[in-house]
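In what follows, every heavy atom counts, from backbone to side chain, and hydrogens, waters and symmetry copies are set aside. The residues of the chain are indexed from 1 along the displayed sequence. The structure displayed is predicted, hence computed values, not measured ones.
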Amino acid sequence: MAAVGVVLSLGMAVGCGSGGDDGDGPSAGGAHRDGGGKAAAAGPVYRGPAIPGLAKKQAWSLPASGNSVAQPYDLGETLVFRKNLADKPASYDLIDSTAGQAGMEESEKEPGPEVLEFRDRATGAVRTSVKVSASAVAGATWHGGTPAVQVRTVTTTPSDGLGKEKDSVSITVYDPSGKVLGTVRHAGDGTGLYIVDGHLVESRKRGAYDPSPTGGGTVTATPIGTGGKSGKKRTISGVYDGKEVADLEVGAPLFAGKYCFGVLSGKGDGDKSQLAMYELASGKKVWSTEDIEPPRGVHVQDGERTSSDLRVLKVDGDTVYTRWGKGALSPGERIFASYKISSREPLATGPGIRLPETSLTKDAAPPVLDTRQRLAAVATENGTAVWNLKTGKEYWAQEAGETSMRATEFSPTGVLYGTQGTLEDGSSHTTGIAVTARTKKVLAKELDQGLVPHFNGTDLGWVSTEDGFYVFPSARA
């Protein structure tokens, strides 16, 4: 039997733990709001090769600035651009997908003058411009998984002559409209601090030295906001690395809508760790892997699966998508399956696959799931396999001898994009490829990496080149 993984306790939150409608005051650093009524000024015309899945004519574009390539942080209906005002002309800087896994380099600790442009994905109109002095800018999520952006500023207090200098970090979270959702201050430079689902998340391992999540640990998640009210501080079993809560070879998203996940650690030899889902509001366990039957093909001995590997990949409504290790004697093989949360009944079992050798301990390419089109693409030893999420039917899988592709995203019209690595004159090169999702027909190859589109669940895809940034409506290939 596994140990309980989540405890809810009442404690002082860093701020208001409610949904995020508070904070109507001016944004930190000052915000200039343009109203978003006007489309972006006319930018360059795209003159590159046709991109399958995108319309021939762009919706809008932006010119390149200086020597930088525009790479926005994608919030869905809003694209956030980070412009470095210290450069002349202002250059575009990257926004990290997450923050907290590693400390910032010394050169990044000095905040610099920047502006964050929140642009409407459909028109390019600037909804809000927020001037910030940032040590780092990264992605985050607010309550319910709403995408957000966090701005971190590290302040260093010099030594008084006896003690060491001390760092402190201020983290401000903005919603897609550029409004402040919450602010939190903490000692240190932000290492090990994450902003997930509107919570300040800290992860602690049990061992004094444990470079991988194999020694267990605890995660604390405290609601943040601007109201200074108390909230429910959650203590969750596992280790969080910015992507999932994990222990040994099991892992799951930390939050999923109105739920959170925790690890149920095995108590003795042969007792495998499990994953449990809890209601955020009550702390009640509503689903766990120890209460369901493993999918067919998973080796079970004496009522226990023989493989330690187990992952929850995604929660969509009343459906949870999982990945299981096939067995102790098949270390590279995995089986995918989906379950109904409310009834715990199995819904579909996907194909069995063999992972790439580089992914036996950690996934080099995470699965790509599109629940709207019921499509899944995963990395295999030969490249990529695609199947139907609802039925488990495999559409195709790459075979030995083919040039391996790493799947990155589906278009709304059924195109699968990916990247391929090749060796040329002793140097490695990465290019893009586009195929039909259900038939593997190659639509385009050897695309520049910047021409692999990003949709993020919308009907508009963007690409970025040295000549400019372009947004296109989707189209049938």
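- Counting heavy atoms from C-beta outward, V173 and V149 have side chains that stay 4.5 Å or more apart.
- Within a 6.0 Å sphere centred on CD of E466, heavy atoms belonging to other residues, nucleotides or ligands number 12 at most.
- With rounding to the nearest 0.5 Å, the separation of OG1 in T191 from CG in L193 is 7.5 Å.
- The closest donor-acceptor contact from the side chain of T289 to the backbone of L275 lies under 3.5 Å.
- Between F255 and H143, the ring center distance fails the sub-6.0 Å criterion.
- Within the 4.5 Å cutoff, side-chain heavy atoms of I195 are placed close to those of L200.
- Remark: the backbone N or O of H199 is not paired with any side-chain donor or acceptor of D197 at under 3.5 angstrom.
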Steps toward ring-ring contact (aromatic ring centres under 6.0 Å, His included) verdict (Y278, W287): CA-CA 7 Å; Y278 302 86; W287 183 89; over 10 Å; no
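- Side-chain contact annotation: S342 with D318, donor-acceptor N/O pair under 3.5 Å present.
- A 4.5 Å side-chain heavy-atom check between V471 and Q58 finds every atom pair outside the cut-off.
- A 4.5 Å side-chain heavy-atom check between V80 and Y174 finds every atom pair outside the cut-off.
- The closest side-chain heavy-atom distance from L355 to E381 is not below 4.5 Å.
- Salt-bridge check for R354 with E333: passed, with a basic side-chain N closer than 4.0 Å to an acidic carboxylate O.
- No donor-acceptor contact under 3.5 angstrom links the side chains of T458 and N456, judged on distance only.
- At distances below 3.5 Å, at least one donor-acceptor pair connects side-chain atoms of R121 with backbone N or O atoms of L460.
- Remark: the Y321 side chain and the D316 side chain contain no N/O donor-acceptor pair separated by less than 3.5 Å.
- Tested against W60, the residues Y470, F472, Y46, F469 include a single ring-ring contact (aromatic ring centres under 6.0 Å, His included) partner, F469.
- Salt-bridge formation is not detected for the pair K440/E399: no Lys NZ or Arg NE/NH1/NH2 atom is positioned less than 4.0 Å from an Asp or Glu carboxylate oxygen.
- In the model, T422 has no side-chain atom that pairs as donor or acceptor with a side-chain atom of H429 under 3.5 Å.
- Salt-bridge annotation for K326 and D309: absent, with no side-chain N of the basic residue lying under 4.0 Å from a carboxylate O of the acidic one.
- Legend: residues meeting side-chain contact (heavy atoms from CB on, under 4.5 Å) with S288, ordered by chain and number and at least two apart, are L264, A276, K285, E290, D291.
- Counted within 6.0 Å of CD on E293, heavy atoms from surrounding residues, nucleotides or ligands total 12 or fewer; the atom is thus considered open.
- Between the OG1 atom in T380 and the CE atom in M405 there is a gap of 10.5 Å [rounded to 0.5 Å].
- In summary, E249 and R311 do not engage in a salt bridge, as defined by a charged side-chain N under 4.0 Å from a carboxylate O.
- Note that CD of Q150 and CH2 of W142 are 11.0 Å apart. Values are rounded to the nearest 0.5 Å.
- Open room surrounds CZ on R296; 12 or fewer heavy atoms of other groups in view lie less than 6.0 Å from it.
- The side-chain heavy atoms of P253 and V312, taken from C-beta on, include a pair separated by under 4.5 Å.
- Evaluated for a side-chain contact (heavy atoms from CB on, under 4.5 Å) with R438, the options N388, L375, L416 yield exactly one hit, L375.
- Results of the side-chain contact (heavy atoms from CB on, under 4.5 Å) test with F455 over D370, V415, L54 single out L54 as the only residue that passes.
- Below 30°, between 30° and 60°, or above 60°: for Y194 and Y240 the angle between ring planes is above 60°, a perpendicular geometry.
- Using a 4.5 Å heavy-atom threshold, the side chains of V151 and I171 count as separate.
- Within the 4.5 Å cutoff, no side-chain heavy atoms of Y259 are placed close to those of L280.
- Evaluation of the salt bridge (Lys or Arg N to Asp or Glu O under 4.0 Å) rule for K445 yields no partner, not counting sequence neighbours.
- Defined by atom type and a distance below 3.5 Å, a donor-acceptor pair is missing between the side-chain atoms of S203 and D241.
- Aromatic ring pairs are classed by plane angle as parallel below 30°, tilted from 30° to 60° and perpendicular above 60°; the pair Y339 and W324 is tilted.
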